Amino acid sequence: MHWLRLLKIIIVTLRFGLDEFILSHTKLRPLQRPVNMLLFWRNTSQPRGERLRLALESLGPIFVKFGQMLSTRRDLIPLDLADELAKLQDRVPAFPYQDVEIILKQAYGKEVLDVFQSFDVEPIASASVAQVHFAQLPDGKPVAVKILRPGIGKTIAKDLKLLDGAAWLLHTLSSDGKRLKPREVVAEFARHIHSELDLMLEAANCSLLGRNFADKRLLIVPEVYWDWCHEQVMVMERMVSTPISQVAYLREIGVDIPKLARDGVEIFFTQVFRDGFFHADMHPGNVQVADDGRYVALDFGIMGSLNDEDKQYLARNFLAFFRRDYREVAKAHIESGWAPKDTPIDEFETAIRAVCEPIFDKPLKEISFGKVLLRLFQTSRRFGVEIQPQLAMLQKTLLNVEGLGRDLDPNLDLWKTARPYLERWMSEQVGWRSAIDNLKAELPYWSKILPQMPRLIHQHLEHGLQTPVRSAELQHLLGEHQRQTRWLRLLSVALILLVLLQSAALLAWWLSQR
């Protein structure tokens, strides 16, 4: 079967003329004419991106998913390919209910109707990795049950081996192979697809996102019913909502569409900068809208995460763009370690200005926020900037958010909408609230280490009687003790002031109520 699958991939590759990616290599270029003469019957008149998309669709769901992921790596692949691959959709027939029964019985050790009060035989949705059925729990609570496709793990493992082999061939023979890093791209795809094969992990992602938006003011995340979850089965709250693509119907039921577009921007930046944890698969099929105009999130298999350094880097870049301060953009890249330390900052600044300045001559509402970030990545590549996987996912998500927003409200100004939020977030990071939060976070560490300082100094002195005393180390240790003591005093004063301010505010409120 493995060889039959490989044979099919070769036939599809030749049928759609994808051999041109390999035969473009200088050493193999003389073979192009003989191959085209031998395969004269095939039609290669379509653009190469379209032929690549059609080939992936004919190879099946795993290759479709790989193409979807590849479309997000616009920092690596040509734009004509990325734009075409972005059109790929998961159109997968449902697997039969008999398989559903087998999987559920393996998971629960019981018959389906011994676990659920009712279970819909027909699925409500079907994709390449799983499908979803509606059901009711024993207490009558309506739920959605997500079930992995039978045998999908083995299928993916085989296809990943073939993809890696094809990537190795492209890397070895293609003139663009080393620049495109195909094996790294396949490895990144493997990480993503494996995370989708464990529905307990997806349930945990859903639960965390739900806690982050517990107020449900802008975003509703379904509740996870852990007692019914399994590696192959995820059971969550059934959501009553409308796909975001049905804009005409949303208008009919009274949803404020321009506000919906602005809320989408706020949700995105809240996930990225406040939480550092964001939904990284926000295509229209995974985003719906409740009747009251709030967003509903679905499908949590692919999530992105950012650490504090990543968030600071991104916020500095975005705000510098808003202010047209290209030197600050260059400095942010170098100081964060994303560009080599020896990068000539003046040359880097000039290159960034060449990309961005023409964009700012247009009205802001005509500017593509996602494409600006993309062009920055492409320009940075010349200076040895490493594009991290989490930023590639962020780029994909940002482009999705922009596309959704513009479909809802063509006049949406993503930059204008995002700027106040980013400026407020940055002020919180460097303002007095941030200082108090940092002091509170460090207090447990200081309270533990400070009482130990005299003993540690005594041990150091005793050790020094047996070995030559290194006065520089002792001075450093004493200086550290003094510094920690000063910080503890400052922390105490700050906390006292904070308590006094809160007490004053409470007293003022109490007096106003009298």
Side-chain angles (χ1 to χ4, degrees), residues 205-223 236-237 239-300 302-306 311 314-315 318-319 322 364-373 393-428:
N205 291 338
C206 175
S207 181
L208 176 56
L209 188 65
R211 289 201 307 274
N212 290 343
F213 288 86
D215 62 1
K216 300 184 184 294
R217 181 178 64 88
L218 296 175
L219 178 67
I220 305 172
V221 179
E223 181 183 351
M236 56 190 153
E237 178 184 1
M239 307 308 297
V240 179
S241 51
T242 304
I244 198 169
S245 56
Q246 298 182 15
V247 179
Y249 176 75
L250 292 173
R251 283 199 178 94
E252 283 181 20
I253 62 175
V255 174
D256 186 340
I257 300 299
K259 181 180 182 300
L260 189 66
R262 294 192 302 272
D263 287 349
V265 176
E266 182 177 347
I267 290 169
F268 169 74
F269 282 99
T270 300
Q271 289 183 79
V272 171
F273 292 108
R274 186 193 69 184
D275 305 327
F277 183 76
F278 59 94
H279 197 300
D281 199 18
M282 294 180 65
H283 61 74
N286 288 341
V287 181
Q288 299 196 355
V289 182
D291 289 351
D292 60 6
R294 290 180 293 171
Y295 279 86
V296 176
L298 301 172
D299 196 345
F300 311 92
I302 303 178
M303 307 294 289
S305 59
L306 300 169
K311 291 189 288 184
L314 288 168
F318 287 152
L319 288 175
F322 294 146
L364 280 178
K365 71 177 183 179
E366 297 178 9
I367 298 173
S368 169
F369 195 49
K371 287 182 180 178
V372 170
L373 181 61
M393 293 177 70
L394 179 66
Q395 173 191 319
K396 166 197 173 185
T397 307
L398 182 56
L399 291 171
N400 283 340
V401 169
E402 182 187 47
L404 288 173
R406 289 180 186 272
D407 286 344
L408 293 172
D409 181 8
N411 293 316
L412 174 70
D413 187 340
L414 190 56
W415 291 47
K416 184 177 179 181
T417 306
R419 179 172 178 169
Y421 184 87
L422 280 174
E423 289 182 333
R424 183 170 68 250
W425 183 84
M426 284 295 285
S427 69
E428 290 173 354

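These numbers were taken from a predicted model, which means no experiment stands behind them.
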Heavy-atom pair of closest approach, residues [X] and [Y]:
X	Y	answer
Gln288	Ser241	OE1-OG, 2.5 Å
Asn212	Arg274	O-NH2, 2.5 Å
Ile220	Ala290	CD1-CB, 4.1 Å
Cys206	Pro222	SG-O, 3.3 Å
Phe277	Leu209	CE2-N, 4.1 Å

Measure the spacing between [atom1] of [X] and [atom2] of [Y] and express it to the nearest 0.5 Å.
X	Y	atom1	atom2	value
Asp409	Asp256	CG	CG	9.5 Å
Ile257	Leu250	CD1	CG	5.0 Å
Tyr249	Asp291	OH	CG	5.5 Å

Donor-acceptor pair, side chain of [X] and main chain of [Y], under 3.5 angstrom:
X	Y	result
Tyr295	Ile267	no
Gln271	His279	yes
Arg294	Lys216	yes
Glu237	Glu223	yes
Asn286	Asp299	no

Should [X] and [Y] count as side-chain neighbours, where that means a heavy-atom distance under 4.5 Å?
X	Y	answer
Leu408	Val247	yes
Val289	Val296	no
Leu219	Val221	yes
Asp275	Phe213	yes

Leu260 vs Val255, side chain to side chain contact (heavy atoms under 4.5 Å, CB included): CA-CA, chis, key distance, verdict:
CA-CA 8 Å; Leu260 189 66; Val255 174; 4.2 Å; yes

Taking 4.0 angstrom as the limit, do Arg217 and Glu266 come out as a salt bridge?
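Salt bridge: yes.
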
